[in-house]
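Proteins come first, then strands; the chains are lettered A, B, ... in the order of their sequence lines, and each starts at number 1. As the structure is a prediction and not an experimental result, all values here were calculated from the model.
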Amino acid sequence: MVDLDLVRKSPELFEAACKAKNIKLDIRAFLKIDMERREKMAETQTMQAKRNAVSKKMPTIKDKTEKESIVKEMKLLGEKLKEHEAALGVLDAQWMAMQLRLPGLPLPNVPKGKDDSENVEIRTHGKIPTFDFDLKDHVALGESLDIIDIPRGVKIAGARSYFLKGDGARLEYALLMFTLDHLKKKGFTAFIPPLLVNYDAMVGTSYFPGGEEMAYAVGVRKSQSQPIESDDVYLIGTSEVSVTSYHGGETLDLQALPKRYCGISNCFRREAGTYGKDTHGLYRIHQFQKVEQVILCENDPAVSAKMHKEILQNAEEVLQALKLPYRVVDVCTGDMGQGQIYKNDIETWMPSRKCYGETHSCSTFHDFQSRRLNIKYTAKDGTKKFVHTLNNTCIASPRILIPVLEMYQNKDGSVTVPEVLRPYMGGQEKIKKPS
RNA sequence: GGAGAGGUGGCCGAGUGGUCGAUGGCGACAGUCUUGAAAACUGUUAAUCCCGCAAGGGGUUCGUGGGUUCGAAUCCCACCCUCUCCGCCA
């Protein structure tokens, strides 16, 4: 949600943002509805005021004839009012539907571009290595080490499903635990959040409306022949949804900001519209685990910019500790979400893909989410302000297993366990073929 | 899943058709008193939307959505949530 005063005063800003973000929304049409709605509102409110005034006087009227005539008049007014309220309801619904699609305004330094091909690299870290033997990709490694089983995942759950097994499962948990400990040192509070959330949480974090096809809706099918009844709850695609919504509707203390939170959760994505894309291996799957950083801070672009750097760095430090080469890109307008106003992706080198692949996504929203979620704080001057929200991946697995397994593979087919993870795997140094 | 109880302002709690956005208490804030603090006393104390440069005016909100009525916190219906007991269960 955006500041509507700004839309009314400077619609051209939002038209430009729609264009830049490939959002099909007619700002002028919205403003027309907005105007009509306010006019209808004024009419309705005048009638309501009249009704209230008469109702207030009613008990003092003793004269029976006068009373009857007023009741008659009010009955008429009531009918007209009902019509007005119904018309206002229609306008409200249209207004809300459009209002929820208004884009956050990208910061001036965001590169213009149509899609991820126009993201701009801003730095790289680590050297892309060369190997003196034929590399296996993570699928081949996972199979030969018996730590990843994709065919059986597909057998029981369909395309884009998998099992992690044995040391593969342990390696994933080592990565997650290492990351949680890293964030603990940085002052973050960990959350195991609800994985199933209601519609409001999806709207509040701006996944809905628009992202319905990406989320699994949960329902019940009472028998095979009956249709599924929706429970109107949704599996989260990221713990950002639950954790950012945690303070929904609350007014926080300024002293308590910034809130440094991280959620650890399974994440579920339908990946609708990606048929045929990234079908190989563990890159794009329906279910994964993620430690996500979430920040709530004061409504000051300088402060949220600082927090953005902080959570970006936290993620980079994890990759550095794992000794994985990566690069950071400025995400261009066309590859940004509706509410995001600045976004960096971290892409980690994936030898089998012979390119960097997105492993982290760091987003600043300013007050876009907090307006929807109604999260405020009391500022120094006593006024209530909406917090700024941000989030960034800190680790997401199994996608991160692609570079970990591929980069740490040895000529004999084994995989060395990254040093920082060994304490989380009972000191184990290598993942070897089962004998 | 079965039976029952309940959802009122920051919190507790009264209100069962009309000058009720709502008595009272607690908390918070300001003031008086005090060397200072406490106590006592006095006053202030919701959110949100619309109109307005502002002063101000008005609408909405008593879990949510409908309905009855000239008028609903109060009556009716549906749904949601919380609590207690029973059943099932990790």
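For the P atoms, the distance linking rG13(B) with rG2(B) amounts to 30 Å, nearest Å. rA78(B) sits 40 Å from rA28(B) when the C1' atoms are compared, rounded to a whole Å. Taking atom P on both rA90(B) and rG4(B), the two are 28 Å apart, rounded to the nearest angstrom. rU34(B) and rC50(B) are spaced 50 Å apart, taking the P atom of each and rounding to whole Å. On the C1' atoms, rU84(B) is 26 Å away from rA73(B), given to the nearest whole Å. When the P atom is compared between rA3(B) and rG10(B), the two are found 36 Å apart, to the nearest whole Å. Taking atom P on both rU8(B) and rU74(B), the two are 14 Å apart, rounded to the nearest angstrom. rA30(B) and rA22(B): their C1' atoms are spaced 25 Å apart (whole Å).
Near-neighbour residues of RNA chain B inside residues 94-105 of chain A, defined by a heavy atom below 4.0 Å, are absent.
A tilted orientation is assigned to the rings of Tyr199(A) and Phe208(A), their planes being inclined by 30° to 60°.
Residue contacts for Lys82(A): at a heavy-atom cut-off of 4.0 Å it reaches the sugar-phosphate backbone alone, with no base atom in range. Within the 4.0 angstrom heavy-atom criterion, base atoms lie near Thr60(A). Base contact: Met58(A) has a heavy atom under 4.0 Å from a base atom. Counting non-hydrogen atoms under 4.0 angstrom, Arg8(A) reaches the backbone sugars and phosphates but no base. Within the nucleic acid shown, Lys40(A) has no heavy atom closer than 4.0 Å to any nucleic acid atom.
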| message | One pair to check against side-chain contact (heavy atoms from CB on, under 4.5 Å): Arg8(A) and Asp5(A). What are the steps and the verdict? | response | CA-CA 5 Å; Arg8(A) 288 165 191 150; Asp5(A) 279 337; 3.7 Å; yes
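Residue pairs meeting the ring pair (Phe, Tyr, Trp, His ring centres under 6.0 Å) criterion with at least one partner in residues 367-399 of chain A, sequence neighbours excluded, are His366(A)-His388(A).
With Thr333(A) contributing its side chain and Gly113(A) its backbone, the two residues share a donor-acceptor pair below 3.5 Å. At least one donor-acceptor pair closer than 3.5 Å links the side chain of Gln338(A) to the backbone N or O of Arg101(A). Proximity of a side-chain donor or acceptor of Asp300(A) to a complementary backbone N or O of Ala302(A) within less than 3.5 Å is detected. In terms of modelled atom types and a separation under 3.5 Å, the side chain of Asp181(A) and the main chain of Lys184(A) share no donor-acceptor contact. Proximity of a side-chain donor or acceptor of Glu43(A) to a complementary backbone N or O of Lys40(A) within less than 3.5 Å is not detected.
Nucleotides of RNA chain B that come within less than 4.0 Å of any heavy atom of chain A span, from the 5' end to the 3' end, rG18(B) to rG71(B).
The closest side-chain donor-acceptor pair between Thr244(A) and Gln369(A), if any, does not fall under 3.5 angstrom.
Taking for each of Leu4(A) and Lys384(A) the nucleotide of RNA chain B with the nearest heavy atom, the 5'-most of the two is the partner of Lys384(A). Ranked by how close their nearest RNA chain B nucleotide is to the 5' end, Pro59(A) and Arg51(A) are led by Pro59(A).
Residues Asp3(A) and Asp367(A) have side chains not in contact (no heavy-atom distance under 4.5 Å, counting atoms from C-beta outward).
Checked against salt bridge (charged side-chain N to carboxylate O under 4.0 Å, His left out), Arg152(A) has the following partners two or more places apart in sequence or in another chain: Asp149(A). Residues satisfying the salt bridge (charged side-chain N to carboxylate O under 4.0 Å, His left out) test with Glu271(A), not counting sequence neighbours, are Arg284(A).
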| Where does RNA chain B pair, written as one dot-bracket string 5' to 3', with Watson-Crick or G-U pairs under 3.5 Å, ( ) inside the strand, [ ] for crossing pairs and | for another strand? | ((((((((.[[[..)..(.....]]]((((((.......))))))((((((....)))))).[[[[[..)....]]]]])))))))....
